[in-house]
Amino acid sequence: MIYFDNNDTTPLHPDVLEAMLPYFKDRFANPSSLHSLGLDADTAVDEARGSIAEAINADPKELIFTSGATESNNLAILGSAQTRPSRRHLIISAIEHTSVLNVAKRLEKEGYRVTRLPVDGQGYINPDALSNAIDDDTFIVSIVHGNHEIGVIQDLKVLSEIAHEKGAWFHTDAAQSLGKIPFNVTELGIDLASFNAHKLHGPKGIGGLYYGNKTRPKRLMEGAPQEHDMRPGTENVPGIIGFAEAVKIAVRDQAENTVYLKTLISRLAEGLSEIPHTLLNGPPPEERLPGNLNVTMLYIEGEAILMHLSMREICVSSGSACSSKSLTPSSVLTSIGLIHEEAHGAIRFSLSRFNTIDEVETVITKTKEVVELLRSMTAFVPELHSERMGAKSFYRKR
Ligand SMILES: *Cc1c(COP(=O)(O)O)cnc(C)c1O
């Protein structure tokens with residue numbers, strides 16, 4: 001099986017599993033218990049918190065564990081709205097993860113004003129658009145750091161500065177960037193940031209929220225005072241230990257992984273660009289999140305390519321995983337200007353350190369084969385189609 005769907009979730013790193021195992025066995029205690037076993041678990045959680053905080057240049061007092069990036073996004077935005085009730089305006093981008101998009105929809109229903117910043121043809125936000133949208137009523141600006149579909153990376157330093165000029169808090173969804181590219185809350189001017197472990201070879205169901213000393217969202221659930229009194233419930237100790245180990249390994253190997261993945265992705269891009277009528281979605285490979293590539297093979301359904309690759313033991317994703325069961329095309333892809341037909345033909349290849357160049361070669365060969373097969377089955381008239389879709393080249397304009 002060739003797994004090229006690492007922006008959806010990743011396999012556990014073997015060392016992460018090893019680090020977690022004792023906490024499923026002898027070291028199973030509740031960190032809130034006062035006996036020695038409880039203290040042992042509590043110390044382990046403290047160490048994990050300290051090590052992740054250090055990786056993002058934060059204080060351990062500013063980091064809590066949650067069930068993942070979805071929960072962190074909810075807590076960051078809904079909780080901040082409650083801390084700052086006098087401000088009633090929210091700014092997000094058009095290419096946020098569903099969890100942020102739907103939190104914005106909820107606040108809109110409750111009477112908040114919501115601005116969704118447009119992006120250019122490669123997925124970048126124009127800072128001027130933020131300057132024009134923001135005012136004294138904006139309580140938070142929430143912008144995804146690395147996009148899960150097209151791998152575009154936003155310049156958070158510039159965007160957070162604009163937010164701060166108007167006294168807005170700056171939140172980022174860093175689920176795809178943590179461990180893959182440098183992420184330093186001080187350097188980037190971040191007030192709140194959401195993470196999870198399962199995008200960087202850690203376990204599912206565990207994540208974190210960073211918040212600054214002066215930018216503390218109100219908790220959304222009531223219970224015992226765990227997690228700095230912000231997120232009640234007995235801690236997921238094995239998950240927390242696994243998360244910290246995954247971050248440690250990812251940060252340690254970041255430079256090496258980046259170089260390695262660049263080689264794989266540039267070969268994949270080169271191979272796929274040889275398929276006629278194929279367009280790259282998002283920025284050029286060297287600007288993207290390491291390991292991410294997204295292309296549209298015109299005149300066929302992405303879903304059909306996915307199924308045929310799956311039959312050949314290759315796992316990829318069409319559009320976004322969350323919308324893969326619906327017929328509306330990915331809003332990320334339509335936001336960068338793809339028409340429905342183009343968005344429906346999109347396939348995302350997302351690689352990790354555990355993939356190889358041999359796998360890349362196999363995927364190129366099999367994708368060519370599948371595209372040829374599917375196009376031979378449709379009423380495909382290249383001349384006619386080329387005219388309708390315009391003369392497009394592989395690389396997109398901004
Ligand atoms: C995966 C993902 C999420 C959701 O994370 P969960 O931990 O699965 O809740 C949020 N944002 C981005 C950018 C993601 O890639």
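By convention here, the first residue in the shown sequence is residue 1. Bear in mind that the values here come from a model prediction, so they are computed numbers and not experimental data. Just so you know, ligand 1 is whichever comes first in the structure, and atom 1 is the first atom listed for that ligand.
- Remark: R348 engages D5 in a salt bridge, criterion side-chain N to carboxylate O under 4.0 Å.
- Remark: K366 does not engage E313 in a salt bridge, criterion side-chain N to carboxylate O under 4.0 Å.
- A continuous path of ILVMFWY side-chain contacts below 4.5 Å connects L130 to V152, so both sit in one hydrophobic cluster.
- Note on R27 versus D40: salt bridge recorded, some NZ/NE/NH1/NH2 to OD/OE distance being below 4.0 Å.
- Listed as neighbours of ligand 1 are G68, A69, T70, H97, H148, D173, A175, Q176, N196, H198, K199, each bearing a heavy atom under 4.0 Å from the ligand.
- Salt bridge present: E108 and R116 bring a charged side-chain N and a carboxylate O closer than 4.0 Å.
- The six-membered or imidazole ring of F139 lies near that of Y112, with a centre-to-centre distance under 6.0 Å.
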